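Only one structure is covered here, and it is reproduced in the block below.
By convention here, the first residue in the shown sequence is residue 1. Quick caveat: nothing in here was measured; it's all calculated off a predicted structure.
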Amino acid sequence: MAAALTFSSIANAGYFVRPTAGYGTRDLDGNFIDGVGEFIDGYIGNGATSNDVGHWDATRSIWSSVDLERGELKSYAESNAGNVAAYGNAIMGETVTIRNGAGTTWNFGLALDGYFDAYTGPVAPGNDPGLLYYDLAVFVYRPGQANYEQWFYPDEFYPNGNPIGVDPVFQGYIRNTFAVNANEDGYQHFPIFEEILGSIELESDYEQFEFYAKIFVGGSPNTAGGLEGFYAGFDNTAHISLDFEDGVDAYSDSGKFLGLRQDPGQPPVNQVPLPGAFGLMLLGLAGGAAMRRHKKA
């Protein structure tokens, strides 16, 4: 059973992990039915540095995990029901403090490696095909500019303006949604590799940033449209990487993020788990980014 969601205002966490799992049901016209589905939020702020959540029943399997120490975001989703979407998010945030870095460059990245298996059948005339979708994002802000609920806002999602009110220091976002119709052998395999690479020029010997990253994977079968089921195998892992030049000291609020210990010049973060609050965001993403296959990063 999903925990009850409460939409309260909570002070920004120095770091957090947020794996989620959800599904929703569509009507015969392919529209999602309000209130039919489940959403599980595994948010922990200023507490544990890893967590995972999942949902399993006769037609769906969904699981997501986040591990700050390893820098890993993982998710898989499977649905064998003709009109039930299944999706997982793996989301994290961490405060990074950098000392003695003036004039150097901080490099970072997020690599997504996984695949979709699609199980197809005949198409009824006039029906839309089923959809498979994924995205990945890296956003970097100055401290206090964003929080665990409001940090992700691709411009194409907000035509009326930036809801946060401040632009990130860095924004990297890749999304892809593609339609799947029947083929002759009833099975299609789609390998996926995507990578976001970024860098920030450090201007002083004391810099602090909030680093956010996520992956989102899932699918929306439509038996009448030819997609009878799918498996999204992105538990292979999405991995975060950080790179600093020689002589630069880097720290994390958690004291564990990719081996970065806590800054000895700052008081420790109050490690008290905070309740999560998350709506059904990022469902039904659309896009046309080209898929490509590379060897695993």
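For the pair Asp67 and Lys74, the salt-bridge criterion is not met [side-chain N within less than 4.0 Å of a carboxylate O].
In this structure, CG on Asp113 lies 8.5 Å from CZ on Phe234, to the nearest 0.5 angstrom. Distance OH/Tyr134 to CZ/Phe216: 13.0 Å, rounded to 0.5 Å.
Aromatic ring pairs are classed by plane angle as parallel below 30°, tilted from 30° to 60° and perpendicular above 60°; the pair Phe152 and Tyr173 is perpendicular. Below 30°, between 30° and 60°, or above 60°: for Trp106 and Phe209 the angle between ring planes is between 30° and 60°, a tilted geometry.
When atom types are taken as modelled, the side chain of Asn162 and the backbone of Val166 share a donor-acceptor pair closer than 3.5 angstrom. Put simply, the side chain of Asn46 gets close to the backbone of Gly14: a donor and an acceptor are under 3.5 Å apart. Without hydrogens or angle criteria, Ser252 side chain to Leu260 main chain gives a donor-acceptor distance under 3.5 Å. In terms of modelled atom types and a separation under 3.5 Å, the side chain of Asn89 and the main chain of Ile91 share no donor-acceptor contact. Listed for the Gln188 side chain is a donor-acceptor partner under 3.5 Å among the backbone atoms of Asn181. Side-chain N or O atoms of Asp263 include none that pairs as donor or acceptor with a backbone N or O of Tyr251 at under 3.5 Å. The backbone N or O of Asp128 lies less than 3.5 Å from a partner atom in the side chain of Asn222, making a donor-acceptor pair. Thr95 places no side-chain N or O within 3.5 Å of a backbone atom of Glu210 that could act as its donor or acceptor partner. Side chain of Glu72 to main chain of Leu68: no donor-acceptor pair is present (N/O by atom type, distance under 3.5 Å, no hydrogens or angles).
Annotation: Phe190 is not in aromatic contact with Tyr115 [ring centroid separation under 6.0 Å not met]. Aromatic ring centroids of Phe116 and Phe178 lie under 6.0 Å apart. Ring-centre distance between Phe170 and Phe139: not below the 6.0 Å cut-off.
Around the CZ atom of Arg70, the shell of radius 6.0 Å holds no more than 12 heavy atoms that belong to other residues, nucleotides or ligands.
There is a side-chain donor-acceptor pair under 3.5 Å between Glu94 and Ser254. Side-chain contact, Thr97 with Gln208: a donor N or O sits under 3.5 Å from an acceptor N or O. No hydrogens or angles considered: nothing links the side chains of Asp205 and Asn100 as a donor-acceptor pair under 3.5 Å.
Tyr133 and Tyr231 fall into different hydrophobic clusters, where Ile, Leu, Val, Met, Phe, Trp and Tyr are joined by side-chain heavy atoms under 4.5 Å apart, directly or via other members.
Note on residues 42-64: pairs passing salt bridge (Lys or Arg N to Asp or Glu O under 4.0 Å), not counting sequence neighbours, are Asp57-Arg60.
Pro129 approaches Ala179 most closely through the heavy-atom pair CG-CB, 3.5 Å.
Taking the side chain to side chain donor-acceptor pair (under 3.5 Å) definition, one finds that Asn107 meets it with nothing, sequence neighbours left out. Residues satisfying the ring pair (Phe, Tyr, Trp, His ring centres under 6.0 Å) test with Phe230, not counting sequence neighbours, are none.
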